[in-house]
Engineer: 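Take this structure, written in structure tokens, and hold onto it; I'll ask about it next.
A quick note: this is a predicted structure, and the numbers were derived from the prediction, not measured. We name chains A, B, ... by the order of the sequence lines, and we start the count at 1 in each one.
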Amino acid sequence: MKISKPRGTRDFLPEDTALRRHVESIMRQVVTHWGYHEIITPTFEHLDLFTLKSGEGIIGEIYKFTDKGNRDLSLRPELTAPVMRMYVNEMQARPLPLKLFYFENCFRYERPQKGRFREFWQFGVEVIGSKSPHADAEVIALAEQILESVGIKGDIHVGHLGIIRHILRELEGEKQNKIMRFVDKKDDKGLDEYLEAINAPIELREQIFELVSISGENAISKAKEIVGDLPELESFEKLLNLLDAYGVNYSVDFGIARGLDYYTGMVFEIYAEGLGAQNQVCGGGAYQLIHLFGGGDVPSTGFGIGFDRIMEICKLQPKPIQEVVVVATDDTRSEAIDIASQLRQHVPVYLDIMERNFRNQLSHANNMKADYVVIVGKKEVEAGKITLKEMSSGEQGLVTLEEALELIKR
RNA sequence: GCCGGGGUAGGGUAGCGGUUAUCCUGUAGCCCUGUGGAGGCUACGAUCCGAGUUCGAUUCUCGGUCCCGGCCCCA
């Protein structure tokens, strides 16, 4: 019986994997140069970690299971909660801020479609311990830089939840969340009807619509006209100035909402072309989550990049790895092993393990598109040298191992 | 959870009630036991799964499953 891979998972062939690793290494290098340190958390966690953070509602999309000790566990659906858990468990004594990053697979039981899988990879960063706009700005600038480093130009939307929360402060939490939902979806009609239904004051309705429609230059002063001087606005203004200093291109969007209340301040999203319905490649913001897991009120900010969506639109090509094929005759196999071992200290080497004859070894080298073949036959062994053959031109010559390496590495 | 389009060798395809299931490519080998790429030959290899209709199903019907796209959702 033939077994296929589970729905929403993917096999990555050697070429796919090489490209993924290539892109990953570029992104990794960028964050590392920004002073971020990689961490790894468990693939599964206690289910509570995620329900505490996001509410029971997420269970429908979680891969949960009970282990033999009757523990309720879950494959991680995201990494922010695990990172915060890790911080609370074992990093609270460290000097702040912590600048961390991760690159891990996550699991969600969702309907697969373009850019959405049940096992997917997230590349993200979390800055723990600073509530300054400087932290927010750094994180956004870093996100932009990472995308740019792999050739993706995203459309960055930056907002601040403090402003709309201020307008809605008189309403009960339930209503606030519903309104945020409409705002996030840009569903003006639905929003209007809902505000009508709950009999919201006229002034509040106007404020919401005005705020959400703000765009372009002078966003801050326009917002000030609506809500007056707010400390949140002041900090947001600082953030925008810092983004200018970083040279980040962004548009202000007070309509970015998040369903979850632990997002408190700055929020941002980055969209890219070529992904159909799933065009968001990065999302992030400032949040207060640590107190949920038994730590103090430590402010954090971070983002996650959907790595698979990046791969979908990324045009990069991996540098091809050229293997040197060592070809031997039946009576020089052991000498060939010796030569191969020496070559392997410098370059990737392929040695026949099919007991092919000389001709077929060469033919196979051609099939695998080898650049160079090193021939180790009786003649070579006697001369204490090897024959280096360049496959594309067919040229070959008797040289020493050192000379061959010289030519190959050129 | 909802809607639409799909599934024939490893990859790409033809057949659309009865075929030895087509062709290309691939892989292994031979022609050709120290020189590859061309050509010829040989071998390997497929109707997604299950049920129904039928004398007979790859073909028609239903269910499942997986893939692709969209909706919902998106921590």
Engineer: Look at all strands and tell whether A/Y262 reaches a base, only sugar-phosphate, or nothing, counting heavy atoms closer than 4.0 Å.
Structural biologist: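 Since only primed, P, OP1 and OP2 atoms lie under 4.0 Å of A/Y262, the category is sugar-phosphate.
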Engineer: A/E61 has an atom CD; how far is it from atom P of B/rC72, in whole Å?
Structural biologist: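 So the two atoms are 14 Å apart, to the nearest Å.
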Engineer: Give the nucleotide from the list B/rC30, B/rA28, B/rU35 with an atom nearest to the side chain of A/H364.
Structural biologist: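 Of the options given, the side chain of A/H364 lies nearest B/rA28.
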Engineer: For the side chain of A/Y263, starting at C-beta, report the closest nucleotide among B/rC72, B/rU35, B/rA75.
Structural biologist: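 When the side chain of A/Y263 is considered, B/rA75 is the closest of B/rC72, B/rU35, B/rA75.
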Engineer: So if I take every side-chain heavy atom of A/N366 and compare against B/rG34, B/rG37, B/rG69, which nucleotide ends up nearest?
Structural biologist: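 Given the options B/rG34, B/rG37, B/rG69, the side chain of A/N366 is closest to B/rG37.
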Engineer: Name the pairing partner of B/rU54, where a pair is Watson-Crick or G-U wobble with both distances under 3.5 Å, or state none.
Structural biologist: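 With both distances under 3.5 Å required, B/rU54 matches none.
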Engineer: What nucleotide, of B/rC32, B/rG70, B/rA75, holds the atom closest to the side chain of A/K114?
Structural biologist: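 Nearest to the side chain of A/K114 among the choices is B/rG70.
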Engineer: Under a 3.5 Å limit for both distances, which nucleotide forms a Watson-Crick or G-U wobble pair with B/rG26, could you say?
Structural biologist: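 The answer is B/rC44, by the H-bond criterion.
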Engineer: Compare the minimum distances between each of B/rC74, B/rG34, B/rC30 and the side chain of A/N360, then state the nucleotide with the smallest one.
Structural biologist: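 It is B/rC30.
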Engineer: Please name the residue in the list A/F254, A/F268, A/Y271, A/Y250 that meets the ring-ring contact (aromatic ring centres under 6.0 Å, His included) test with A/H157.
Structural biologist: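 Going through A/F254, A/F268, A/Y271, A/Y250 one by one, the ring-ring contact (aromatic ring centres under 6.0 Å, His included) with A/H157 is satisfied by A/Y271 alone.
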Engineer: Take atom C1' in B/rC31 and the same atom in B/rG7, then report the distance between them in whole Å.
Structural biologist: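 Going atom to atom, C1' in each nucleotide, I get 40 Å.
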Engineer: From the options B/rU35, B/rA75, B/rC30, select the nucleotide whose nearest atom is closest to the side chain of A/I375.
Structural biologist: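 So the nucleotide nearest the side chain must be B/rU35.
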Engineer: For B/rA46 versus B/rU53, give the span between their P atoms, rounded off to a whole number of Å.
Structural biologist: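 B/rA46 and B/rU53 have their P atoms separated by 29 Å.
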Engineer: Base, sugar-phosphate alone, or nothing: which one does A/G283 contact when heavy atoms must sit under 4.0 Å apart?
Structural biologist: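 The residue A/G283 makes no contact with any strand.
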Engineer: Within this structure, what is the CE-to-P distance between A/M368 and B/rA28, rounded to whole angstrom?
Structural biologist: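 After rounding, the reported distance stands at 11 Å.
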Engineer: Using the ring of A/Y109 (Phe, Tyr or Trp, six-membered ring only), decide whether A/R118 places NZ or CZ under 6.0 Å from its centre and within 45 degrees of its axis.
Structural biologist: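 Judged by the rule, A/R118 and A/Y109 form a cation-pi pair.
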Engineer: Do A/R10 side-chain atoms and A/E119 backbone N/O form a donor-acceptor pair below 3.5 Å?
Structural biologist: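 Present.
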Engineer: Taking for each residue the nucleotide of RNA chain B with the nearest heavy atom, is it A/S363 or A/D330 whose nucleotide lies nearer the 5' end?
Structural biologist: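 It is A/D330 whose nearest nucleotide is closer to the 5' end.
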Engineer: Atom CG of A/N177 and atom P of B/rC74: how far apart are they, to the nearest Å?
Structural biologist: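 Going from CG in A/N177 over to P in B/rC74 covers 11 Å.
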Engineer: Could you measure between the two C1' atoms, the one in B/rG10 and the one in B/rA28, and give it in whole Å?
Structural biologist: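 After rounding to an integer number of Å, I get 14 Å for this pair.
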Engineer: Scan every strand shown for a Watson-Crick or G-U wobble partner of B/rC16, both distances under 3.5 Å, and answer none if you come up empty.
Structural biologist: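 Per the H-bond distance test, none.
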Engineer: Expressed as a whole number of Å, how far does the C1' atom of B/rC66 sit from that of B/rC74?
Structural biologist: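 23 Å, rounded to whole Å.
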Engineer: For A/K185, which contact category applies under a 4.0 Å heavy-atom criterion: base, sugar-phosphate, or nothing?
Structural biologist: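 Sugar-phosphate contact only - A/K185 comes under 4.0 Å of backbone atoms but never of a base.
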Engineer: Aromatic contact between A/F12 and A/W121, with the criterion being ring centroids under 6.0 Å apart: yes or no?
Structural biologist: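 Centroid distance A/F12-A/W121: below 6.0 Å, so yes.
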Engineer: Touch check for A/Q280, heavy atoms < 4.0 angstrom, all strands: base, sugar-phosphate only, or nothing?
Structural biologist: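 Nothing, no heavy atom under 4.0 Å.
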Engineer: What does B/rC32 pair with, Watson-Crick or G-U, if both distances are under 3.5 Å?
Structural biologist: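 Pair assignment: B/rC32 / none.
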Engineer: Does the ring of A/F307 carry A/R20 above it, NZ/CZ under 6.0 angstrom from centre and within 45° of its axis?
Structural biologist: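 No; the conditions do not both hold, so A/R20 does not lie above the ring face of A/F307.
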Engineer: Treating A/D136 as the side-chain partner and A/P133 as the backbone partner, does any N or O pair qualify as donor plus acceptor under 3.5 Å?
Structural biologist: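 Looks like no, no N/O pair under 3.5 Å.
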Engineer: Which of these nucleotides, B/rU35, B/rG36, B/rG29, is closest to any side-chain atom of A/M391?
Structural biologist: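 Between B/rU35, B/rG36, B/rG29, the one nearest the side chain of A/M391 would be B/rG36.
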Engineer: Given B/rC2, B/rC73, B/rG36, which nucleotide is nearest the side-chain atoms of A/R359?
Structural biologist: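 Within the option list, the nearest is B/rG36.
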Engineer: Among B/rC2, B/rC74, B/rU35, which is the nearest nucleotide to the side chain of A/L362?
Structural biologist: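 Output: B/rU35.
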Engineer: When you measure from the side chain of A/T387, which nucleotide among B/rG34, B/rA75, B/rC3 comes out closest?
Structural biologist: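 Of the candidates, B/rG34 comes closest.
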Engineer: Under 4.0 Å between a side-chain N or O of A/R7 and OP1 or OP2 of B/rC67?
Structural biologist: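 A/R7 to B/rC67 OP1/OP2: side-chain N or O found under 4.0 Å.
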Engineer: Check the distance between B/rG37's P and A/K389's NZ and give it to me in whole angstrom.
Structural biologist: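 It works out to 11 Å between those atoms.
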Engineer: Considering just the side-chain nitrogens and oxygens of A/R356, establish if one lies under 4.0 Å of OP1 or OP2 belonging to B/rG29.
Structural biologist: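 The answer is yes; a side-chain N or O of A/R356 sits under 4.0 Å from OP1 or OP2.
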Engineer: Between the base of B/rG34 and the side chain of A/Q361, is there a donor-acceptor distance below 3.5 Å?
Structural biologist: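 No, the side chain and the base share no sub-3.5 Å donor-acceptor pair.
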Engineer: Would you say the side chain of A/R116 and the base of B/rC73 hold a donor-acceptor pair, judged only by whether the two atoms sit under 3.5 Å apart?
Structural biologist: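 Result: at least one qualifying N/O pair found.
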Engineer: Select base, sugar-phosphate, or nothing to describe what A/E380 touches, counting heavy atoms under 4.0 Å on all strands.
Structural biologist: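 Base, at least one base heavy atom under 4.0 Å.
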Engineer: Flag the pair A/F182 / A/Y194 as yes when their ring centroid distance falls below 6.0 Å, and as no otherwise.
Structural biologist: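 Ring centres of A/Y194 and A/F182 closer than 6.0 Å.
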Engineer: Does A/G115 reach a base, just sugar-phosphate, or nothing at all? Heavy atoms under 4.0 Å.
Structural biologist: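 Since no nucleic acid heavy atom lies under 4.0 Å of A/G115, the category is nothing.
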